[in-house]
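Accompanying notes for the structure given below.
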Amino acid sequence: MINGLSCDDFAAVFKENIEKRSRTAKGVSDTSTSSKKKKLLKEKTALKEQVAENTECLVKSVAIDSIFYSSIKQPFLKSVTIRALMESWDSVINSGLQEEGAYLDDYLKLCASAKELKKTAGFNYRVNKRYRTWRVSYTKANLDPLQLESAMDFFYGELVSKIELAVNKQISQAELLAYADHMIDGEIHPWADGCGRSATAAVMWLSLLSPDFVFPVFGERSEHYAAIHDLTEHTKYYECCLSGK
């Protein structure tokens with residue numbers, strides 16, 4: 001049992017949320033956001049089947065991780081721990097979908113830019129091979145790829161604080177989930193592919209960290225993304241997801 005539901009029930013909610021939210025889960029590979037974004041290795045039915053296989057593994061991974069980390073009390077849950085979890089989920093999400101080294105040339109160019117900027121600006125920019133190498137115009141932050149590691153450092157630190165607040169009933173579960181989703185997919189959008197599935201994994205994991213939490217059931221994709229860029233509206237959206245309305 002997980003938070004009063006069977007493992008099968010948890011998996012069913014998780015998969016339903018992925019299906020509602022992810023275009024890739026429906027067999028659609030969208031590279032329209034940037035000319036630098038590479039096509040996935042599979043398309044249509046083959047893509048849909050690979051995502052379904054990866055989602056099965058993702059559900060198991062998140063459930064196992066939650067069983068361990070739900071027993072950890074502050075201040076032992078660290079930002080580096082959440083970083084490691086999310087990067088491990090990224091590997092599962094993109095298994096069989098991205099060619100190894102697909103963004104190597106762009107990554108090396110970013111590393112060279114970071115090296116030059118360190119000389120001129122004195123700031124040590126870090127580059128993560130898992131992250132996008134292009135800007136995305138649909139986020140308010142519009143972060144340059146070289147800003148992503150710093151942005152994620154801040155996010156992981158803030159998320160640890162908000163977990164403690166939510167577990168101690170100082171903020172609501174809806175506020176916690178909305179923040180994580182808003183930052184991962186709505187503001188930072190760091191991953192080269194699969195940000196929506198990554199955010200869903202984080203939301204489901206967070207929903208397992210307290211026995212008082214319940215599982216959110218997402219609305220349709222259009223409803224989800226209509227609210228994601230406004231944290232206040234996204235919190236209201238999650239209140240509905242958690243109440244079953």
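Every heavy atom of this structure was used, including side-chain atoms; hydrogens, water molecules and symmetry mates were not. Everything numeric in this text was worked out from a predicted model, so none of it was measured.
Checking side-chain atoms of N124 against main-chain N and O of K118 turns up no donor-acceptor pair under 3.5 Å. Counting only distance, with no hydrogens or angles, the side chain of D230 and the backbone of E233 share a donor-acceptor pair below 3.5 Å.
Counting only N and O atoms by type, the side chains of Q147 and S150 include no donor and acceptor under 3.5 Å apart. Side-chain contact check for E87 and N128: at least one donor-acceptor pair (N or O, by modelled atom type) lies under 3.5 Å. A donor and an acceptor atom, one from each side chain of R132 and Y103, are nowhere located under 3.5 Å apart.
Residues meeting the side chain to side chain donor-acceptor pair (under 3.5 Å) test with E56, sequence neighbours left out: K15.
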Exercise. Take C241 and V217 through the side chain to side chain contact (heavy atoms under 4.5 Å, CB included) test and state the conclusion after the steps.
Key: CA-CA 5 Å; C241 293; V217 178; 5.7 Å; no
Quiz item: So M152 and M183, side chain to side chain contact (heavy atoms under 4.5 Å, CB included) or not? Walk me through it.
Solution: CA-CA 9 Å; M152 290 299 280; M183 293 298 288; over 6 Å; no
Practice problem: Test side chain to side chain donor-acceptor pair (under 3.5 Å) on R130 and S91 and set out the steps. | Solution: CA-CA 9 Å; R130 297 176 181 275; S91 295; 2.9 Å; yes
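Of all non-hydrogen atoms in A114 and V127, the two that sit nearest each other are CB-CG2, 4.3 Å. The nearest pair of heavy atoms linking M86 to A202 is CE-CB, 4.3 Å.
Note that the CD1 atom of I184 and the OG1 atom of T200 stand 9.0 Å from one another [nearest 0.5 Å]. To the nearest 0.5 Å, atom CG of residue L242 and atom OG of residue S207 are 6.5 Å apart. The distance from the OG atom of S137 to the NE2 atom of H189 is 10.5 Å, given to the nearest 0.5 Å. One finds the CG atom of N54 at 11.5 Å from the OG atom of S61 (value rounded to the nearest 0.5 Å). Taken from CD in Q173 to CG in L176, the straight-line distance is 7.0 Å, to the nearest 0.5 Å.
Classification of R21 and D181 as a salt-bridged pair holds, one side-chain N sitting under 4.0 Å from a carboxylate O. Classification of R135 and D144 as a salt-bridged pair holds, one side-chain N sitting under 4.0 Å from a carboxylate O. Of the charged side-chain nitrogens involved, none lies within less than 4.0 Å of a carboxylate oxygen, so that E239 and K236 do not count as a salt-bridged pair. Residues R83 and E149 are paired through a salt bridge, judged by an N-O separation under 4.0 Å between the basic side chain and the carboxylate. Of the charged side-chain nitrogens involved, at least one lies within less than 4.0 Å of a carboxylate oxygen, so that K37 and D193 count as a salt-bridged pair.
Ring geometry for Y238 versus H234: interplanar angle over 60°, hence perpendicular rather than tilted (30 to 60°). Below 30°, between 30° and 60°, or above 60°: for H224 and Y237 the angle between ring planes is above 60°, a perpendicular geometry.
Residues Y179 and H182 keep their aromatic ring centres 6.0 Å or farther apart. Ring pair F14/W205: centre-to-centre distance not below 6.0 Å.
Y225 and Y138 are assigned to two separate hydrophobic clusters, defined by single-linkage of ILVMFWY side chains at heavy-atom distances under 4.5 Å. The same ILVMFWY cluster, assembled from side-chain heavy atoms under 4.5 Å apart, contains both L206 and V214.
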